[in-house]
Amino acid sequence: MLGLQRFAGGVTAQLFRRVQYATYSTSVRGAGATATAATQKQGEISASDSAEKDVVQPTNGDSEINAKKSKSSLVAAAFESLKEDSTSENKAAGSKTTSNLDERILKAKTVNGLLSITEASGPLSRKHALKIVSILAEWSTKNRAKINEFENDARFLRVCRVLGRNVGKGNNSGGAAQEDDRPKRISGFRTDDLNTVLGVAGDDEAAKLIASISLPQMVKVMSTLAQRKRRSTPLLRSLAFNISSSTEQLDLKQSADILYAMACLNFQDSVLAAKICADIQVMLPKNTEKSAVVGSILTSLGILKYRDLDIMEALTQWTMKNSEICRPQDISALFITSAILNFRSAIIDDVSKKLATSIVGADFQKSHDWLNHVWSLAMLGLVNHAQLKTVLSVKFLQKLETERNGLAPTIKMKLLNLNGYAQLLANDYKGSLLPADSSAFNVPIAHSKSKQILVNGMLDALKSLLPASNHLKSLHDSKMGFLIDAFCLFDNKRNPLPVDKENADAIKVALMVVDFHDVCHGTHRSASGITNLSFDLLEKSGYKVIPVPYNEFNTSDKLLKRVQYLEAKFKAIISSKA
C-alpha cells in the first residue's frame, strides 16, 4: 500500500514529463536514424543521450521510396512511410468519425470484426491501421488468432497498403504473380510485433508509436531492446512514460522483464520503478510456486541500486515464507541485493538464523558466486568465521585463479574487503588470511573520470588548508580493496602534522569522496553497502572518516567556499574526539 501511495505521488512528475516529451517529439518530427545505422549499433550500449542520425529527405511519393528499399516484411516497410506529418488527420471535421472508429476497434472481439472496420466508408488513417495491426499482433501472441486466418485477407492487405503503400507495386508481371508473391511479402508479420515499432527508420519515429500499442507489447519492445543492447533514449523514455502511465497492472514476469531491461541498458527512471514496485507488492503474495522471477527482480534492483525499503521488506518476507521452493541462487540474490542497497530487514534475526547458513559453497557451480555470497554476508554483518575461512584459504584462491584464468580486479577487491573484515571486524577470528605475497594485493584501483574530478577539486582545497605538501597524502591504497582519497594527521589542537613521520598521538583523518555511483537511488536514498563497508574498515583502522558527498561539495564552487566547507568538517570531527 505504501508503494502505491508513493507511485500516486509521481503523477505531477509524469505530467511534467508529458509536456517535455510532447515538445521534444514535435521538434524532431521528420528526422530519424536510418535502419542501417541502427543495425550497426547493435551490441553497443551508449551512455549518451544522443546518437548519430542521417537526415531523411521529405518525399512526395510513398511508392517511389518503397520501390527503392528492399524489405523482408511488408509491415516493417509500411512504417517507413510514417515519417510524414499526420496533423491533417486531426482536423475538427473528422474528429467524430475518428472517435467512432477508435471505439469500434477497441470493442472488436474477433479477427473478422476487426477487419470489417476497414470496409467503412472513407479512407482509413495510418493511426487506425496501426491500431488494427497492433491488436492482430497481440492476438497472435496470445494465440487468440492465427496468422493464416488473415494474412491473405484483402481487408488486411488494405491495412498494409495504408501503412506501406507498396502492395502490388514492385511486380509488373500481372496479378497472378502478385498473388504468388503475397505470402512471401507479408511473411515478416508474425507474432513479433517489434515490426510495428523497431522496424521504423528512426528512434524518434518509433517513440511516437509506443502509445498506440498495448502494455504487453511495450514490455516486449523493452525486453528486445535489452537483448539487442540498443540503448535508444527517446524510445526508452517513451516506453517509461507510457508504461508508468498505464492503469493496467503488471504481473510479476512483466515487472521482472522491465527491471532486467532497465538494468541491462543502465536506464534509470524513478517513476517507472515506482510503478513496478507498487505492482510487485500487489502480485507477489500470489506467487507460491516459483522463485526464479523473485530472484530476477532482486538481481535487477541490485544492479540498478534502486532502494525501496517497502519492496525489499516484502521480498525478504516472501523468501522467508517460501524458502523451501527457493533456489540457492535466488536466496543469495536476496543477500547480495540487500548488501548493495544497505538494507537490513525488520526480521534480520530470523533471516540470519534461517537463511544465512542455509547455503554452502557446494550450492554454486562457480567459485566466484560463493565469493559474492560471502562478501554480501560480510557487508550485512551476518558472515561467520567458517564462511570467511573458506574464501580466504589458499585452496580457494587457487580454484578461483584456475576457473577465471587469473583474478579480475573486482574479485581481488572483494577478497581484500573480506581480508580486512576478518582482521578488523570479525571478533576473535582465528582462521586463514590472504598470504602477504598474494596476487590479490596487486590490484590497480582507479576512480572513474567523474569521481576523479571531485577528488581533484577536494585536493586543491586541502592544499590551501595545509601548510606543506608532506601534510597530505592522496589516493592511498588501503590494502583493503579501496583507495583513501586523502588522509592527513592532526594534533588535538587541530594543528596539521607531517604524514611521513610516526606519531602515536596523532589524529588520523581520512577524506572519502562519495559520488553519484556510490549511493543508492530511488525512494530511500542512502550510501551503498560497499561505501559503508569501506567506512567501517577505515574507522576500525583508527581513522576519523569525513565523507565528502557530491551533492554538498561541488567543483564549480569557488575555491574559498570549498576550503571553508572542509575546514568546518575538520573542526567538527577533531573536536568530537574524546
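Using a 3.5 Å distance cut-off with no hydrogens or angles, the side chains of Asn456 and Gln452 do pair a donor with an acceptor. Checking Glu401 against Ser439 by side-chain atom types alone, a donor-acceptor pair falls below 3.5 Å.
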Kindly list each side-chain donor-acceptor pair under 3.5 angstrom involving residues 459-468, sequence neighbours excluded, with atom names and distances?
none

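For the pair Asp363 and Ile331, the minimum side-chain heavy-atom distance is 4.5 Å or more. Side-chain contact between Leu566 and Leu511: present, with at least one pair of heavy atoms (C-beta onward) separated by less than 4.5 Å. In this structure the side chain of Leu259 reaches within 4.5 angstrom of the side chain of Ile280, judged on heavy atoms. Taking 4.5 Å as the limit, some side-chain heavy atom of Thr523 sits within range of a side-chain heavy atom of Tyr306. No side-chain heavy atom of His521 sits less than 4.5 Å from a side-chain heavy atom of Leu304.
Between the side chain of Asp257 and the backbone N or O of Ser223 there is no donor-acceptor pair closer than 3.5 Å. The main-chain N or O of Trp370 is never found under 3.5 Å from a side-chain atom of Trp375 such that the two would form a donor-acceptor pair. In terms of modelled atom types and a separation under 3.5 Å, the side chain of Thr319 and the main chain of Leu315 share a donor-acceptor contact. A donor-acceptor pair under 3.5 Å is formed between the side chain of Thr390 and the backbone N or O of Gln387. A donor-acceptor contact shorter than 3.5 Å is absent between the side chain of Thr531 and the backbone of Ala527. Panel note: side chain Asn322, backbone Trp318; a donor-acceptor pair is recorded below 3.5 Å. A donor-acceptor pair under 3.5 Å is absent between the side-chain atoms of Ser291 and the main chain of Val294, judged by distance alone. Between the Ser238 side chain and the Pro234 main chain, no donor and acceptor come within less than 3.5 Å of each other. With Arg494 contributing its side chain and Phe570 its backbone, the two residues share no donor-acceptor pair below 3.5 Å. With Asn470 contributing its side chain and Pro498 its backbone, the two residues share no donor-acceptor pair below 3.5 Å.
Rounded to the nearest 0.5 Å, atoms CG (Leu355) and CD1 (Ile347) are 8.0 Å apart. One finds the NZ atom of Lys305 at 9.0 Å from the CG atom of Leu341 (value rounded to the nearest 0.5 Å). In this structure, CD on Gln227 lies 13.0 Å from CE on Met222, to the nearest 0.5 angstrom. The NZ atom of Lys508 lies 12.5 Å from the CD atom of Glu539; values are rounded to the nearest 0.5 Å. To the nearest 0.5 angstrom, Leu433 atom CG is 11.0 Å from Leu418 atom CG.
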Verdict with supporting geometry, Phe343 and Thr337, side chain to side chain contact (heavy atoms under 4.5 Å, CB included)
CA-CA 8 Å; Phe343 167 76; Thr337 297; over 6 Å; no

In sequence, state the C-alpha distance, the side-chain angles, and the governing distance for Asp279 and Lys275, and then conclude on salt bridge (charged side-chain N to carboxylate O under 4.0 Å, His left out).
CA-CA 6 Å; Asp279 287 353; Lys275 153 78 172 174; 3.1 Å; yes

Show your working on salt bridge (charged side-chain N to carboxylate O under 4.0 Å, His left out) between Arg327 and Asp330 and close with a plain yes or no.
CA-CA 5 Å; Arg327 304 177 303 173; Asp330 299 326; 2.8 Å; yes

Side chain to side chain donor-acceptor pair (under 3.5 Å) assessment of Asp485 paired with His447:
CA-CA 10 Å; Asp485 295 327; His447 289 319; 2.6 Å; yes

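Of the candidates Val548, Asn554, Asp515, Asp515 is the only one forming a side-chain contact (heavy atoms from CB on, under 4.5 Å) with Leu454.
Ring geometry, His385 versus Tyr429: the interplanar angle exceeds 60°, so the pair is classed perpendicular (tilted spans 30 to 60°). Relative ring orientation between Tyr550 and Phe516 is described as perpendicular, the plane-to-plane angle rising above 60° on a 0-90° scale split at 30° and 60°.
We find that Lys479 and Asp477 are joined by a salt bridge, their nearest charged nitrogen and carboxylate oxygen being less than 4.0 Å apart.
Taking the centre and axis of the six-membered ring of Phe487, the NZ or CZ atom of Lys473 falls outside the cone set by 45° and 6.0 Å.
More than 12 heavy atoms of other residues, nucleotides or ligands sit less than 6.0 Å from atom NZ of Lys354.
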